There are 2 protein chains.
Amino acid sequence: MADALPKYLQIAKDLQRQIEEGTLKAGDRLPTESELAARWKVSTSTVKDALSELRKSGRVQTRPREGTFVLPRRRPLTITLNDRELDMPQVPAESRMGGGEGRAFRQEAERQGFQATWDLPEVTVGPAEPWQLEAFGLPPDQRVQIVQRKQRRFIDGEPNSLQYSYFTLELALKAPLLLNGEDIEQGHVAYLAELGFVQVGYLDEFDARPPHRDEAEFFGLSRDSLAVIEHSRTAYDQDGKPFRLTVTVYRPRSNKIRFYAGKVPPSVLEGS
Amino acid sequence: MADALPKYLQIAKDLQRQIEEGTLKAGDRLPTESELAARWKVSTSTVKDALSELRKSGRVQTRPREGTFVLPRRRPLTITLNDRELDMPQVPAESRMGGGEGRAFRQEAERQGFQATWDLPEVTVGPAEPWQLEAFGLPPDQRVQIVQRKQRRFIDGEPNSLQYSYFTLELALKAPLLLNGEDIEQGHVAYLAELGFVQVGYLDEFDARPPHRDEAEFFGLSRDSLAVIEHSRTAYDQDGKPFRLTVTVYRPRSNKIRFYAGKVPPSVLEGS
DNA sequence: GAGTGGTCTAGACCACCGG
DNA sequence: CGGTGGTCTAGACCACTCG
C-alpha cells in the first residue's frame, strides 16, 4: 500500500465516517478509549491521539469522566457585522444598536428563531493593560483605570459567546450605570448616546486563537478542541476618539460571522 | 501548594516566558525534546505535550527532524474587507477591485510596506460539491461543472494565504481567460465586468478551523498548530445572482482582518 | 552516522462522577 | 465503588536531514 495514514488518523477518520453515516448519532457516546484500543489493537495513547484529532473537527465533545459524545448539528447563529442604523444617518442616535450587544443580540437571535439569554454582567475595575491603552489611543505609560463588564451569553440555553466591554473609569464616572452589575436596559450604545457619547463609527478586528482555560470551561471544550473566534470592536465618538472597546469570544461552529457590501439580494441576508 | 498546573503546562509556560523575556530569541532553536525531558526529569511524551501546547500559541514552529524554533514577531498584513470602490457608485465598474484579489492584494500590501507575490494559478475543472451548489444558489441535485482557480500568495516571500476562486463552467466559457493557468492582468472582477458580469455586491463569511494537510504543509504548520481563518466571499451580479465564489485561507497571526462602519478616524484606518 | 521529531507501545495512577 | 478520561512513564522504532 502507498504511504498508509498513521493509525491515529485512520481511527479518527473511521469515527468521523460513522458520524457522517449516522451509525453514531447526535448525543451518542463513542466507545470508551479502552474499547477503541482493544478494537483496533493499539495502545490507549494512540486512541487518545485519534480523539484529539476528532475534537478538532468540532463534531464531538469529550467530557472528562463521562466519555466522548457526538455533538448535534445545530443551525448557527448568524452575526451580521453591518450596522444598518449606523449606515443610515437619518435614524436618531437613541435607536442605534451597536450590533451584537444587549438588545441587538436578542433581536437578531429571535429573528432567526433562537432564544437568547445572558447572565448579569460581572463588573471589575483595574489598571489598564498595554493592549487596552493601545486600543483607547493612550500612551503606553499612561496610568488609567479600566472598567470591565463581562457577560456570558446563551442561545437556546447553551453557551454561545462571552462578551467583555471596556471603558475608562473616567467615562464610567460620567455614565455611572456602567459600574452597576446589572443590565443596562437600552444597551451601552444608547445609554452613552443619551449622555452625549455618540458612537459615530467603529472598527472591527478578528482573530482565531485557542481558548483560555475559563473560556474552554464555559464553552464545554476540553483539551485540543477547536479555536475560538475573537472579535474586537473599537467604537469612536464624534471627536474621533475611541471610547468603548468590546471583545466578543465566540464558540466555534455555533456562530456564523458575516458582513456584506453593495447590493446583496435581501433573501440571502434574511435566510438565517 | 494549591492545585499545581500539570507538568506539561508548566514546561510550556516556562518556555513561553523565556521567549517573552528574550532568553529565547526569534529564530533560535528550542532545546530538543530529549534535552527538555532530561532537564525537567519527565518523559519525552510529557515534553511533546508541552511543545504541542506551545505551538498552539503561534510563537514557535516545529520542523520535523530539525527542531522547534522561535518564530519572529512579524507585523501582520491588514486585510480590510470594506470595498471603498464598491461603496462609491460613482467609480466606474472597470476600476472596482473586489478586495483581496490580484492587484488589490499587491496594492494593499505595498501600501503597508510589504512585498506581495504569488504563484501562477492552478486551474482545475470538476463536478460541483454540495456546498458550492448552495453558494451559487443552485438546487442540490443540479449537475454542473465548476472551475477552480487556486493561487498561493506570499508576503515578503513567506506563505501568507491560499485563495480559491470558483466559477461555473458556463460562465467560464463566456470568460475564457478564467480557464487559463495565468494571471488575469486586471483581476477577476474587472475582467468579468468588461464582459458584462458586474459585481454589485458581495457577502463575506468567516470561520476558523484546523488546517487541511496541504494547507499545513504550505504554511509550514506541523501537528497541533493554530487554526487557520477561512474567509468566503460570494459575489452578486446586477440580477442578484451569485456568479463568483472566493475562499481565502489565511495563515494565523500573519493577517489582521478588519472591517469598519460609520466614521472612523483616517489615521486609524491608514496606520497599517 | 548522529540527531531530530512523528508515531506508537503497554501500561500506571489520579480525581471525579453517577453512563 | 466502578468506570471515565487526564496525565504521565520509560521507553521503542522510523524516516529523514545535515542544525
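Note that the coordinates shown come from a computational prediction; the quantities given were computed from them, not determined experimentally. Residue numbering restarts at 1 for every chain, and letters A, B, ... go by the order of the sequence lines.
Atom CG of A/Asp224 and atom P of D/dT7 are 9 Å apart (whole Å). Taking atom CZ of residue B/Phe69 and atom P of nucleotide D/dT17, one finds them 14 Å apart after rounding to whole Å. Atom CD of B/Glu35 is separated from atom P of D/dG19 by 17 Å (rounded to the nearest Å). In this entry the distance linking CD of A/Glu217 with C1' of D/dG6 reads 15 Å, nearest Å. Here the P atom of nucleotide D/dT4 and the CG atom of A/Leu36 are 11 Å apart, to the nearest Å. Protein atom CG of B/Leu51 is 10 Å distant from nucleotide atom C1' of C/dG5, rounded to whole Å. Atom C1' of nucleotide D/dG5 and atom CG of A/Leu221 are separated by 16 Å, given to the nearest angstrom.
A search for side-chain hydrogen bond (donor to acceptor under 3.5 Å, both in side chains) contacts involving B/Glu20 returns B/Gln16, not counting sequence neighbours. Shown here are the side-chain hydrogen bond (donor to acceptor under 3.5 Å, both in side chains) partners of A/Gln18, two or more places apart in sequence or in another chain: A/Asp14. Remark: B/Arg253 pairs with A/Asp207 by the salt bridge (charged side-chain N to carboxylate O under 4.0 Å, His left out) rule, at least two apart or across chains. For B/Thr234, there are no side-chain hydrogen bond (donor to acceptor under 3.5 Å, both in side chains) partners two or more places apart in sequence or in a different chain. Residues passing the side-chain hydrogen bond (donor to acceptor under 3.5 Å, both in side chains) test with B/Thr62 are B/Arg55, B/Thr68, sequence neighbours excluded.
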Tabulate protein N/O versus nucleotide N/O from nucleotides 14-18 of chain C, keeping only pairs under 3.5 Å, one per line.
unit_1, atom_1, unit_2, atom_2, d
C/dC16, O4', A/Arg65, NE, 3.4

Which pairs, protein N/O on one side and nucleotides 8-11 of chain D N/O on the other, fall under 3.5 Å?
unit_1, atom_1, unit_2, atom_2, d
D/dC8, OP1, B/Lys7, N, 2.7
D/dC8, OP2, B/Lys7, N, 3.4
D/dC8, OP2, B/Tyr8, N, 3.3
D/dT9, OP1, B/Lys7, NZ, 3.4
D/dT9, OP2, B/Ser43, N, 2.8
D/dT9, OP2, B/Ser43, OG, 3.3
D/dT9, OP2, B/Thr46, OG1, 2.6
D/dA10, N6, B/Ser45, OG, 3.0

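Salt bridge status for A/Arg213 with A/Glu217: absent, with no side-chain N to carboxylate O gap under 4.0 Å. Looking at A/Glu158 and A/Arg74, a side-chain N of the basic residue comes within less than 4.0 Å of a carboxylate O on the acidic one, giving a salt bridge.
Closest approach to the A/Arg223 side chain among D/dT7, C/dT7, C/dG5 is made by D/dT7 (side chain taken as heavy atoms from C-beta onward). Nearest nucleotide to the A/Arg213 side chain, out of D/dG5, D/dT7, C/dG5: D/dT7. Considering only the side chain of A/Thr32, D/dG5 comes nearest among C/dT4, D/dG5, D/dG6.
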Scan the side chains in residues 43-53 of chain A for donor-acceptor partners under 3.5 Å anywhere in the protein, sequence neighbours excluded, and list what turns up.
unit_1, atom_1, unit_2, atom_2, d
A/Ser43, OG, A/Ser45, N, 3.3
A/Lys48, NZ, A/Glu33, OE1, 2.9
A/Ser52, OG, A/Asp224, OD2, 3.2

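Listed by first then second residue, pairs satisfying ring pair (Phe, Tyr, Trp, His ring centres under 6.0 Å) with a partner in residues 208-227 of chain A read A/Phe154-A/Phe218, not counting sequence neighbours.
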